[in-house]
Amino acid sequence: MEGRRVIGWAARDVSAHLSPYSFTLRKTGPEDVVLKVLYCGVDHTDLHQMRGELMPINYPLVPGHEVVGEVVEVGSEVNKFKLGDKVGVGCLVSSCGKCLSCNSNNEQYCNQRVFTYGAVNKDGTPTHGGFSSAMVVHQKFVVQIPEKLAPEQAAPLLCAGVTAYSPLKQFNNSDKAIKARILGLGGVGHLAVLIAKAMGHHVTVISSSEKKKVEALEHLHADAFLVSSNAAEMEGAAASLDYILDTVPAFHSLEPYISLLKAGGKLIFVGVSTKPLHFNNDELILGNKSLTGSFIGSMEETQEILDFWAEKGLSTMIEVVKMDYINKAFERLERNDVRYRFVLEVAGSNLE
């Protein structure tokens, strides 16, 4: 059916200031799901994107890629969802469906992947995200929210959660004790601590100061806390880790952390730095260590993290806000003044 007019909040330029914006959804196809947006997570990547720091942007830009909604319409060939279902949409809304990545359930690595916002649909229309009243998404890129999981709790799992879960699942159900460290205790980092703990890993949080020690140990129940600026602590932890999950979305030195890895250990990047990171490669060569990256997760893994979260009875630590607070929320996000994720209550907001 023909597209419908909806209201979202959009950035018009690199100032990243958001304000109301009316646009038309793309035409609904036979395998499409139309969802009323209930909640949407607020991600640091949204800020980078609105400022055009990651790729060229065509404005207006309606962000939001941790979208939870209710199905209000389904295409004639939709067989995964029905009216009234609570569903989620993450970072992608399309891929080629034919390449090796797509055929191996790794569509996030498809060269023709289409991002939830700031991209172009196959019909030539722009993609707009969950800072809006409704979305149209192909059923392959929609996941089911478990009944036991509150919709606002589910939102951060659709990007931040699966971003942590995807690289960590390789260490799940290991036959040996896994020693892990999480670098950065923000939106992705706090979820990574909870996931790694639920997998049975011994988890240390690494931070540049002791400011987050109580949070890490008492609120998130990490096993240990390491201050990276404390040379004695860092030396004492040398060559002790199976992996480090690096969630820091900014420039930082790598060499102090590479030295913490055991022989064969991995430093896994999931945070995007806007500047090149530098390191000497001798530690990698002498210790058979590796640097690797992981990009969000597959649709299969997105469903897995939702089910994992519900099964383990975990809780995301969120602050729910209305749309009229969103510009203030981004100011606070940039100051790291949120514990640990803003979630927009879109359906309960006045979008006009």
Side-chain angles (χ1 to χ4, degrees), residues 5-25 35-69 88-91 115-119 126-135 151-161 163 184-191 247-250 271-274 316-352:
R5 204 74 178 159
V6 298
I7 299 292
W9 275 46
R12 265 72 173 193
D13 52 43
V14 295
S15 71
H17 181 83
L18 291 156
S19 57
Y21 171 64
S22 176
F23 64 97
T24 302
L25 293 178
L35 57 106
K36 173 187 176 183
V37 177
L38 303 177
Y39 295 92
C40 188
V42 180
D43 192 343
H44 205 281
T45 303
D46 296 326
L47 192 56
H48 286 315
Q49 290 279 61
M50 290 189 296
R51 290 174 173 170
E53 293 173 339
L54 299 180
M55 62 183 71
I57 295 297
N58 292 319
Y59 297 98
L61 180 74
V62 178
H65 57 256
E66 295 179 337
V67 189
V68 176
V89 176
C91 298
F115 291 109
T116 303
Y117 66 85
T127 62
H128 292 303
F131 288 20
S132 60
S133 56
M135 294 178 69
E152 66 273 23
Q153 285 276 313
L157 303 177
L158 297 165
C159 174
T163 293
L185 200 58
V188 175
H190 96 280
L191 295 175
T247 73
V248 178
V272 178
S273 172
T274 55
T316 49
M317 299 176 71
I318 59 176
E319 182 176 337
V320 179
V321 298
K322 300 289 181 68
M323 191 69 83
D324 60 5
Y325 190 78
I326 187 57
N327 290 305
K328 179 68 173 178
F330 274 116
E331 290 176 11
R332 288 180 52 195
L333 180 65
E334 192 165 26
R335 299 196 305 267
N336 199 26
D337 179 24
V338 57
R339 298 293 180 266
Y340 285 94
R341 200 72 159 182
F342 285 116
V343 174
L344 277 175
E345 185 183 355
V346 179
S349 297
N350 178 9
L351 301 181
E352 298 288 347

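Reckoned from all heavy atoms, side chains included, excluding hydrogens, waters and symmetry mates.
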Side chain [X], main chain [Y], donor-acceptor under 3.5 Å:
X: Thr247; Y: Gly184; result: yes
X: Arg12; Y: Ser19; result: yes
X: Glu66; Y: Ala160; result: yes
X: Thr116; Y: Gly90; result: yes

Shortest non-hydrogen contact between [X] and [Y], atoms and distance:
X: Gly161; Y: Leu191; value: N-CD1, 3.6 Å
X: Ala155; Y: Gly41; value: CB-N, 3.9 Å
X: Met317; Y: His190; value: N-NE2, 3.5 Å
X: Pro60; Y: Ala10; value: CB-CB, 3.9 Å
X: Pro20; Y: Glu352; value: CG-C, 3.7 Å
X: Val343; Y: Pro156; value: CG2-CG, 3.9 Å

Do [X] and [Y] touch side chain to side chain, with heavy atoms closer than 4.5 Å?
X: Ser132; Y: Phe23; value: yes
X: Glu152; Y: Val68; value: no
X: Asp46; Y: Gln49; value: no
X: Val14; Y: Tyr59; value: yes

Interatomic distance, [X] atom [atom1] to [Y] atom [atom2] [nearest 0.5 angstrom]:
X: Thr163; Y: Asp43; atom1: OG1; atom2: CG; value: 7.5 Å
X: Ser349; Y: Tyr39; atom1: OG; atom2: OH; value: 9.5 Å
X: Phe330; Y: Arg335; atom1: CZ; atom2: CZ; value: 13.5 Å
X: Thr316; Y: Tyr340; atom1: OG1; atom2: OH; value: 12.5 Å
X: Leu47; Y: Glu53; atom1: CG; atom2: CD; value: 6.5 Å
X: Tyr325; Y: Arg332; atom1: OH; atom2: CZ; value: 4.0 Å

For Val42 and Leu344, what are the C-alpha separation, side-chain angles and deciding distance, and is it a side chain to side chain contact (heavy atoms under 4.5 Å, CB included)? CA-CA 7 Å; Val42 180; Leu344 277 175; 4.0 Å; yes
Would you say CG of Asn58 has more than 12 non-hydrogen atoms from neighbouring residues, nucleotides or ligands within 6.0 angstrom?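 It does not: Asn58 CG has 12 such atoms or fewer within range.
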Once you measure the plane-to-plane angle for His65 and Tyr117, does it fall in the parallel (<30°), tilted (30-60°) or perpendicular (>60°) bin?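 His65 vs Tyr117 ring planes: parallel.
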Applying side chain to side chain contact (heavy atoms under 4.5 Å, CB included) between Phe131 and each of Val346, Ile7, Leu18, report the one that passes.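 Among the candidates, only Leu18 passes.
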